[in-house]
2 protein chains.
Amino acid sequence: MDLVRGKQNGAARGARIGDVAREAGVSTATVSRALAHPAQVSKELRERVGAAVAKLGYTPNAAARQLRVKRSRTVLVVTRRRWSAPFFAEVLRGLDAELSAAGYAMVLANFDGDGGNRSRQLVDMMFSGTIEGAVMLSGIVVAAEGRTMLDAGLPLVSLCAAAEGTHTVLTNEAECIVEGARRLAALGHTDFLYLAGPPSNYNERVRWAALSAFFAEPRQAGLRLRRAESGDFSTDGGLLTAQAFLGLSPRPTAVIASADEIAIGFMKAVRAAGIGVPSDVSVLGFDGIEFADFCEPVLSTIRQPREALGRLGARVLIEAIEAPSLPPLSHHVLPSRLDFRASTGPAPAGAAAPRPQAAPAPKRKSARARVPAPAEGR
Amino acid sequence: MDLVRGKQNGAARGARIGDVAREAGVSTATVSRALAHPAQVSKELRERVGAAVAKLGYTPNAAARQLRVKRSRTVLVVTRRRWSAPFFAEVLRGLDAELSAAGYAMVLANFDGDGGNRSRQLVDMMFSGTIEGAVMLSGIVVAAEGRTMLDAGLPLVSLCAAAEGTHTVLTNEAECIVEGARRLAALGHTDFLYLAGPPSNYNERVRWAALSAFFAEPRQAGLRLRRAESGDFSTDGGLLTAQAFLGLSPRPTAVIASADEIAIGFMKAVRAAGIGVPSDVSVLGFDGIEFADFCEPVLSTIRQPREALGRLGARVLIEAIEAPSLPPLSHHVLPSRLDFRASTGPAPAGAAAPRPQAAPAPKRKSARARVPAPAEGR
DNA sequence: TCAACTGATGTAATCGATTACAAATACGAT
DNA sequence: ATCGTATTTGTAATCGATTACATCAGTTGA
């Protein structure tokens, strides 16, 4: 095999289809056909072409082909810094697995709402023909100069978030968090604290909306729900909420975090302050990251099917790309799983007595169920 | 702005350069120049073109441009499943930040040595002109059908690994792990256990080689080093090594893990068996992942500059791509930082007595310093 | 033997930009 | 007025593949 090693940068490298044609003694059309539609070419020529290709180490130029056939077999994946790393890595792996199996390449781009430059890059990419579709792990439809990613008319999939005009792949997070609260209530807890993530985040909104709606039900009148802000899906955010918790009186006995990281940070800080988990306060996280198994105590959590989310997102996108005509937007929901472990237990004896119904109804702060608008994603 | 919304999939979308030229009443050459080299075009025409571009929502077709100018401004990043997720996510972020700032797009592909198909995809990518260079987080130079990624003659950067013929960006991991051992020895420890990652991994080899070479020094004759296999850079692997540890007698008092995940799994398992950390055994991890701060006890570790690794890797690659002539291969080393915290302490009183130098020299198992061959990366 | 048909191959148009080169224009100096 | 130079613009070639269409050879049936 005669490989032309790059001499000068950018110098002519590799063979072109004409070289292969000459070598095999056929026309370029035959070479192209032998490679793309072998059945249309006689066995003999097919072999001659194959030999020439091998000899010259020929690989078709992707740009030229793309220009002609209008397909790049490339999709864009837009991520967001705020994703928790373990969550992110596995979703990405699912996406990659499914995309590469179908022969698609994946362009990865982080988008943190920066000052306009990145936005333009992304929007241009949608319009420049490099991309056949996009998966957004950010929940944001990026816009620049009056155009949005949607305007390019390419299929878009929002993963773990909802956005107008896109296919969506979500989890049943709302039901899960309510189920978590229900289970805690069944353990005798009546005084709850929600550790909120960034309020602009889609998942944060969904979770808070579901939880506060649940506590607003008349049947749950004996339960109280408060809220502490972490500002962030991070362990540091969790430390913050612990400060808030320690300042409360009476102290809630059940804590539901909007992310495992927050819960882990919270647990560490309150235990350092002499509060027992779960003896004094039960803690429930969200996501099911690996380290939920290794903190003290082992964290109860709501496990999201991370790799499956990635895989399904990829499949939905591929289907939309390859559908002969514009398909309707699809919406999928994958189930998460509640996993109660060491960080949750019965309400402590002192506080366990169900709050007397007759007492002046505790003001449920912010119990109105805000319906989350399509907004920032997770 | 008249945006042509994708009608049928694949139907003509958007304006071409000819449309803009007609709209502005100029030639396509002028449009192209107004966009790429504004200085070459008179102010008036520049503005007319700008207006036409805005009106039609024109974005140049990337494939056509690429075909002509032979630049895709796209690089490939090859990852590997075995990377720890938090590590991976931050390195990726550094890469993305630097690449996108320089106007490069990033194609991400996972490579786990699969059965030939993925290899061909990757090698073809190098030869098809889609890619101007690659960063390999895998330490493997992928090969398929007699060609390797190197043969394309494009610049390649190995991150956290070394591979023949590529630029490399490494950390001083060898020195750090030796320094860690030295510090532990200074705390009175004489009996060490190394928790190994996957033996085929480049970093694993470097670390083990450095550590075993250190223990082989005559001056360290009073120290003993054993080795347990985790098989993996994972918490599960850490659990495995804990089994091995519990079976040893006498039990080592100092443990050095080749990854934080392993250390965390190890600590959890030995503590469950009633062993105190650091009262009975000190544990040192490697990487400095976020959760090292949140396990019990807080893990001593060797912090790697993750985002900086990604940024430097990107810069090295960009430089190599944009260098007018083939530059020599560069090799960079970034410093990691030893961070001793709660999981390490003085050797326990019983075992603290320095092993008598005179006693029959303890057999140092596997103390020969294997020089790591370029192999699988981290 | 010829027409009709099938299948394999080649010729040349095409995708949409960039840019070498030519042409046109403006400007200044003599 | 004329020439030379600098600046701006247009014409057309070019990048490297794919594929519509034309051509040609071979087969079959009458």
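Every chain is numbered from 1, with letters handed out A, B, ... down the list of sequences. Because the structure is predicted, anything quoted here is derived from the model rather than measured.
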Nearest whole angstrom, please: distance from the P of dA17(C) to the CG of N61(B).
-> 6 Å

Do R68(A) and dT14(C) share a donor-acceptor pair, side chain to base, under 3.5 Å?
-> yes

Here the gap from R306(B) atom CZ to L159(B) atom CG, rounded to the nearest 0.5 Å, amounts to 13.0 Å

Do R73(B)'s NZ or CZ and the ring of Y104(B) fall within the cation-pi criteria of under 6.0 Å and 45°?
-> yes

May I have the distance from R22(B) (atom CZ) to dT9(D) (atom P), rounded to whole angstrom?
-> 20 Å

Interatomic distance where CG belongs to L35(A) and P belongs to dT19(D) [whole Å] = 13 Å

Is it the case that R147(A) places NZ or CZ above or below the six-membered ring of F127(A), under 6.0 angstrom from the centre and within 45 degrees of the axis?
-> yes

Closest to the 5' end of DNA chain C, once T28(A) and Q40(A) are matched to their nearest nucleotides, is Q40(A)

Describe, as an angle rounded to 10 degrees, how the axis at the first end of the helix from dT1(C)-dA30(D) to dT30(C)-dA1(D) is tilted relative to the axis at the last end, five pairs per end.
-> 50°

Any side-chain N or O of S42(A) less than 4.0 Å from the OP1 or OP2 oxygen of dA8(C)?
-> no

Please work out if V41(A) contacts a base, only the sugar-phosphate, or nothing of the nucleic acid, heavy-atom cut-off 4.0 Å.
-> sugar-phosphate

Rounded to whole Å, CZ of R16(A) lies from C1' of dG16(D) at a distance of 8 Å

Is E47(B) paired with K43(B) through a side-chain N to carboxylate O contact shorter than 4.0 Å?
-> yes

Ignoring hydrogens and angles, state whether a donor on the side chain of T168(B) or S158(B) is under 3.5 Å from an acceptor on the partner side chain.
-> no

Name the nucleic acid region contacted by V26(A), choosing base, sugar-phosphate or nothing; use a 4.0 angstrom heavy-atom cut-off, strictly under.
-> sugar-phosphate

L67(A) has an atom CG; how far is it from atom C1' of dC15(D), in whole Å?
-> 9 Å

Please give, in whole Å, the distance from dT8(D) C1' to R33(B) CZ?
-> 8 Å

Between P60(A) and G25(B), name the one whose nearest nucleotide on DNA chain D is closer to the 5' end.
-> G25(B)

To the nearest angstrom, how far is R71(B) atom CZ from dT18(C) atom P?
-> 14 Å

Below 4.0 angstrom from OP1 or OP2 of dG16(D), is there any side-chain N or O of K70(B)?
-> yes

When you measure from the side chain of T166(B) to the backbone N and O of A163(B), does any donor-acceptor pair fall under 3.5 Å?
-> yes

R93(B) and E307(B): salt bridge (charged side-chain N to carboxylate O under 4.0 Å, His left out), yes or no, with the steps?
-> CA-CA 7 Å; R93(B) 188 165 295 152; E307(B) 185 164 339; 5.8 Å; no

Could you state the atom-to-atom distance from CD1 of I17(B) to C1' of dT19(C) in whole Å?
-> 11 Å

Y58(A) side chain near dA17(D) phosphate (N/O to OP1/OP2, under 4.0 Å) = yes

Could you check H37(B) against T30(A) and say which one's nearest nucleotide on DNA chain C is further toward the 5' end?
-> T30(A)

